[in-house]
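One structure is given below, encoded as structure tokens.
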Amino acid sequence: MSMPDAESPVSESPVSESPVSAAPVSTSRDPAKGPDTAAAPIDARLLPPNHDIDASGALRIGGVSVQELAEVYGTPLFIYDEEGIRQRARAFAQWFGARNVTYASKAFACRAMVELVDEEGLSLDVSTGGELDMALRAGFDPARIVLHGNNKSDAEIMTALAAGVGLVVVDSFDEIDRLVRHARSVGTIPAVLVRVNPGVEAHTHDYITTGLADSKFGFGYQNGQASLACEAVSRSNDLHLAGIHAHIGSQVFALDSFARSAEVLVELAADLDRFTEHEMSVLDLGGGLGVNYHAGDDAPSIDRYGTTTVDAFNAALRGGADHGLLGDIRLMIEPGRSLVAPCAITVYRVGTIKDIPGIVRYIAVDGGMSDNLRPSLYQADYEVFDPTRVAAPRPERATIAGKHCEQGDLIVKNAAVPADVSIGDLVATAVTGAYGYSMASNYNKVPRPAVVFVRDGEHRLVIRRETFDDLARLDC
Ligand code: LLP
């Protein structure tokens, strides 16, 4: 059984300054208050990194016209800036080493994305049999796969062990017992991380807060269960305790929460080191770095996240000098959203417009909660723009509605929009690269959109648009 190798032991920060900031919570503006920058065009920071605006004022991503893409592939359409994802992957890798950056495939995955992650040398987090299967089908090196899941089935565990995944993150006492049984039957000694709830407040939406005592994930640090779980894994001759893992939540702006989580991991590892006899080598901080969805948001950059977390780990490791950890430890992270969210937009076509005098204007588009559940589920807020006139002011207000049979199917409430948006126009939402397509559904039998990757003037379809035949294919 191999595991990701120690490519990047505890490293010094590549930049000197080390701000640990308590950035404000990442929730977006209150729609009732209107946009942060009324009437202004969309902030270019919210557009994919490799974009430009052509002579007519229209958006190009990776050198390709968004309007042309909408014509070729239809709408709704997810357009990803492939080079942008690669640049962000390298920015993380600079801090932790590529192999210690484990992309959380739940944020967005398909064969092309898994191949990209492979080409960049990152590791891959899978949390279900389906995600594991996709990784294996794409030929991803199993030694760089990290298996997560709070309720792994026997089949999922067996498949992962037989494939030789690099790390299994255990989440319950029962799972430890089952892992021992399956390891014996497969004839392997899996490398295991124990998932710890560090009890750190992430300051994000309740549904995506995971590091507190009351969580369905992992073992509590404060109540001693994490230590017990580590002892159980360490005692077993059939498992190798490779280290510990924590994931405090998602869309987190508060760097000090990550720093605190890193300290807890070191405290726990140092405490356990006495009986684990230097067995542990991995401290995995999970994912969670937030991104800007709005002009007013101020998410930490990858570099600020890197410097803060690496410094926090190093300081904590040096702090408790009487433990044997220093120097042997690999720091791992699991970014999902922060790798892909800023690199995509979703393009829709306006189907109908309804004015309710004195109340609201509804601009209805050809997608909705089936391609972006986040507004309905987390009250997530997005910015809207017309990709054919990106720099146009947005002096009007309208609610962008989906086509589903729910009043709650509103993609953006009370959005700032350009003047005179008309039926047949394109409108786009920015920063939709994470948890958009991956949480898409077929509600109302709406086929899921196509996804296209764009780079250096070339475009390629990476997920084709579903058809009605696709929707009918499961009926018996
Ligand atoms: N590692 C573990 C163990 C996780 O559970 C997650 C996300 C990640 C890494 C990646 O976190 P990220 O870097 O993407 O924040 N559907 C929600 C987000 C759910 C996150 C679930 N776990 C949303 O749309 O906001």
Side-chain angles (χ1 to χ4, degrees), residues 25-28 85 88-89 91-92 96 100-109 113 117 122-128 131 145-152 167-171 193-198 202-212 215-219 244-255 257-258 261 265 282-293 297 299-300 302 305-306 309 332-344 346 369 371-382 411 429 431-441:
V25 181
S26 58
T27 48
S28 298
I85 303 174
R88 294 182 76 78
F92 278 115
F96 300 91
N100 296 328
V101 177
T102 306
Y103 171 60
S105 64
K106 68 205 82 182
F108 168 69
M113 183 64 203
V117 171
L122 310 188
S123 294
L124 192 70
D125 152 2
V126 300
S127 50
T128 63
E131 289 175 354
I145 294 179
V146 180
L147 179 68
H148 272 283
N150 72 308
N151 180 21
K152 302 175 190 71
L167 288 166
V168 178
V169 185
V170 294
D171 208 284
L193 300 184
V194 169
R195 179 159 177 173
V196 179
N197 291 326
H203 304 289
T204 186
H205 193 289
D206 281 354
Y207 288 10
I208 47 180
T209 294
T210 45
L212 296 176
S215 169
K216 72 168 183 167
F217 300 103
F219 300 93
I244 47 182
H245 168 282
H247 171 77
I248 57 172
S250 196
Q251 182 59 0
V252 176
F253 279 28
L255 289 180
S257 297
F258 289 118
S261 180
L265 286 177
V282 175
L283 298 179
D284 186 334
L285 196 56
L289 176 61
V291 300
N292 296 323
Y293 283 98
D297 291 344
I302 292 175
Y305 170 83
T309 54
M332 294 184 71
I333 54 164
E334 295 172 343
R337 182 192 321 266
S338 53
L339 203 68
V340 288
C343 299
T346 310
M369 64 195 296
D371 61 72
N372 190 354
L373 190 58
R374 303 193 68 258
S376 318
L377 200 52
Y378 319 113
Q379 301 77 47
D381 198 15
Y382 289 82
I411 300 173
T429 43
V431 198
T432 58
Y435 303 112
Y437 192 89
S438 69
M439 301 209 303
S441 76

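Just so you know, ligand 1 is whichever comes first in the structure, and atom 1 is the first atom listed for that ligand.
- Residue contacts with ligand 1 include P335, since one or more of its heavy atoms lies under 4.0 Å from the ligand.
- Counting atoms of ligand 1 from 1 in the listed order, those under 4.0 Å from a heavy atom of E334 are 1 (N), 2 (C), 3 (C), 8 (C), 9 (C), 10 (C), 13 (O).
- Minimum interatomic distance between F253 and P300 (heavy atoms only, all atoms of both residues): O-CG, 3.3 Å.
- The side chain to side chain contact (heavy atoms under 4.5 Å, CB included) with I333 is formed by just one residue from the set N100, L283, L285, T102; it is L285.
- In this structure, H245 contributes its side chain and D284 its backbone to no donor-acceptor pair below 3.5 Å.
- Shown in contact with R195 at under 4.0 Å from a heavy atom are these atoms of ligand 1, numbered in order with element: 3 (C).
- Note: E334 CD to L289 CG = 13.5 Å, rounded to the nearest 0.5 Å.
- A donor-acceptor distance shorter than 3.5 angstrom exists from the side chain of Y103 to the backbone of F108, with no hydrogens or angles considered.
- Salt-bridge check for K216 with D171: failed, with every basic side-chain N at 4.0 Å or more from each acidic carboxylate O.
- Nearest to atom 4 (C) of ligand 1 by heavy atom, out of K106, R337, H148, is K106.
- Interface of G288 with ligand 1, defined as ligand atoms under 4.0 Å from a residue heavy atom, comprises 11 (O), 12 (P), 13 (O), 15 (O).
- Near M439, meaning under 4.0 Å from any of its heavy atoms, are these atoms of ligand 1: 16 (N), 24 (O).
- Residue contact check: A104 has heavy atoms under 4.0 Å from atoms 8 (C), 9 (C), 10 (C) of ligand 1.
- In this structure, A107 falls outside the shell of residues with a heavy atom less than 4.0 angstrom from ligand 1.
- Under the side-chain hydrogen bond (donor to acceptor under 3.5 Å, both in side chains) criterion, T346 pairs with T432, not counting sequence neighbours.
- Backbone and side-chain nitrogen or oxygen atoms of Y435 are examined, and one is located within less than 3.5 angstrom of a nitrogen or oxygen of ligand 1.
- With sequence neighbours excluded, the residues forming a side-chain contact (heavy atoms from CB on, under 4.5 Å) with A109 are S105, M134, listed by chain and number.
- For F217, no heavy-atom contact with ligand 1 is shorter than 4.0 Å.
- With a heavy-atom cut-off of 4.0 Å, L339 does not touch ligand 1 at all.
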